Amino acid sequence: RRGAPALSAEAARRYVEGLAAEGLELGADQRHAVEGILTSGARVEALVGPAGTGKSVVVGRLARAWQDDALWDGRSGRMYGLAASQIATDVLTSEGLTARNIAHWLGTQNRLESGRSAADDAEWALGAGDLVAVDESAMASTADVARVAEHVERADAKLLLVGDHRQLAAVGSVGAMTLAAGSGVT
């Protein structure tokens, strides 16, 4: 399904060239991924690659672009990073994302929806045009990924599943990343 914010191919190319001018050179696959996600307009996408291929770097560059008002003519969104483990959450934070582990984020979303929010919950309220990246999504339970997807859809935001569907999976019902990896742009 389409309808998420999208840049023109030219704007995305200029953004990636600007990164290179700052010394933040991306590999060819990384450039293709950044440009593709920024221009697709898809509501749900998968960024698939084996460990060590720079997926976290791609997510960090996407966060920078997604939140850049100048790039989006004053209509940028926010980007949040989620992960099943705290270690993966910390990697997202190191790439410049506002990040939480999935369980904590789901608890925050539930409090926000019930009107019983805690002190910092409001900064995690999703809005239209926001982007939520679930890193190492193959290691998250299908139930958790489905709940994240429900919150994202209700907010009219975009979901990016990141990981390697062939990697060791979490204990429990898993398969959302495999389905997303095989379905293409949705």
Side-chain angles (χ1 to χ4, degrees), residues 1-26 29-48 54-83 89 91-100 102 104-106 108-113 115 117 119-135 137 145-162 180 183-186:
R1 200 180 95 192
R2 303 235 180 234
L7 291 176
S8 69
E10 177 63 21
R13 185 186 58 74
R14 281 193 318 265
Y15 168 70
V16 171
E17 288 173 354
L19 292 174
E22 294 176 33
L24 302 172
E25 191 75 38
L26 296 172
D29 288 345
Q30 292 172 319
R31 278 193 315 275
H32 180 72
V34 169
E35 290 176 2
I37 292 166
L38 290 174
T39 61
S40 76
R43 291 280 179 195
V44 179
E45 291 193 79
L47 174 61
V48 180
K55 295 180 303 291
S56 295
V57 170
V58 168
V59 170
R61 299 310 182 255
L62 285 170
R64 181 174 168 177
W66 206 264
Q67 300 174 114
D68 183 340
D69 273 339
L71 195 58
W72 296 92
D73 295 323
R75 52 183 175 77
S76 66
R78 294 169 298 165
M79 184 167 173
Y80 300 98
L82 306 178
T89 302
V91 170
L92 291 173
T93 301
S94 74
E95 288 296 336
L97 276 80
T98 300
R100 271 199 172 152
I102 293 171
H104 192 180
W105 186 85
L106 287 170
T108 299
Q109 297 308 306
N110 291 337
R111 285 190 304 275
L112 285 165
E113 286 184 354
S117 57
D120 73 338
D121 286 353
E123 67 190 69
W124 294 90
L126 289 178
D130 288 347
L131 174 56
V132 176
V134 181
D135 196 21
S137 59
V145 173
R147 289 185 6 221
V148 169
E150 289 168 6
H151 286 287
V152 168
E153 185 174 5
R154 277 196 299 273
D156 201 23
K158 177 177 177 136
L159 178 62
L160 176 63
L161 300 176
V162 181
S183 69
V185 175
T186 59

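Quick caveat: nothing in here was measured; it's all calculated off a predicted structure.
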Q) Which pair of non-hydrogen atoms, one from Pro5 and one from Gly129, has the smallest distance, and what is that distance? A) CG-CA, 3.7 Å
Q) When you measure from the side chain of Trp72 to the backbone N and O of Leu7, does any donor-acceptor pair fall under 3.5 Å? A) no
Q. What's the shortest heavy-atom distance between Met79 and Leu97, and which atoms?
A. CE-CD2, 4.0 Å
Anything under 3.5 Å between a donor and an acceptor, one on a side chain of residues 31-38, the other on a protein residue two or more places apart or in another chain? List them.
residue, atom, partner, partner atom, Å
Arg31, NH1, Leu26, O, 2.9

Q. Taking all atoms of both residues into account, what is the closest heavy-atom pair of Gly3 and Arg43, and its distance?
A. O-NH2, 2.8 Å
Q: Take atom CG of Asp29 as the centre, draw a 6.0 Å sphere, and report whether it contains more than 12 heavy atoms from other residues, nucleotides or ligands.
A: no
Q: Given salt bridge (charged side-chain N to carboxylate O under 4.0 Å, His left out), test Arg13 with Glu10 step by step and report yes or no.
A: CA-CA 5 Å; Arg13 185 186 58 74; Glu10 177 63 21; 2.3 Å; yes
Q: Look up atom CG in Leu126 and atom CZ in Arg154, then write down how far apart they are to the nearest 0.5 Å.
A: 10.0 Å
Q: Determine the minimum heavy-atom distance between Ala42 and Arg2, stating which atoms define it.
A: N-NH1, 4.0 Å
(Q) With a 3.5 Å distance limit and no angle check, can you tell me whether Tyr15 reaches the backbone of Arg64 through a side-chain donor-acceptor pair? (A) no
Q | Trp105 side chain vs Ala83 backbone, donor-acceptor pair below 3.5 Å | A | no
Q. So Glu153 and Val44, side-chain contact (heavy atoms from CB on, under 4.5 Å) or not? Walk me through it.
A. CA-CA 9 Å; Glu153 185 174 5; Val44 179; over 6 Å; no
**Q.** Where Ala133 and Val59 come nearest, the two heavy atoms and their spacing
**A.** CB-CG1, 4.2 Å
Q. Taking the side chain from Gln109 and the backbone from Trp124, do they hold a donor-acceptor pair closer than 3.5 Å?
A. yes
Q.
How close do Lys158 and Ala4 get, counting heavy atoms only, and between which atoms?
A. CD-CB, 4.0 Å
(Q) What's the separation between atom CG in Leu47 and atom OG in Ser56, rounded to the nearest 0.5 Å? (A) 9.0 Å
Q.
Applying the side-chain hydrogen bond (donor to acceptor under 3.5 Å, both in side chains) criterion to Arg100, which one of Thr89, Thr93, Thr108 satisfies it?
A. Thr108
Q. What is the distance from atom OG of Ser117 to atom CG of Leu112, rounded to the nearest 0.5 Å?
A. 5.5 Å
Q. Would you say the side-chain atoms of Thr98 and Arg78 include a donor-acceptor pair closer than 3.5 Å?
A. no
(Q) Can you confirm whether Arg61 sits close enough to Gln30 that some side-chain heavy atom of one is under 4.5 Å from a side-chain heavy atom of the other? (A) no
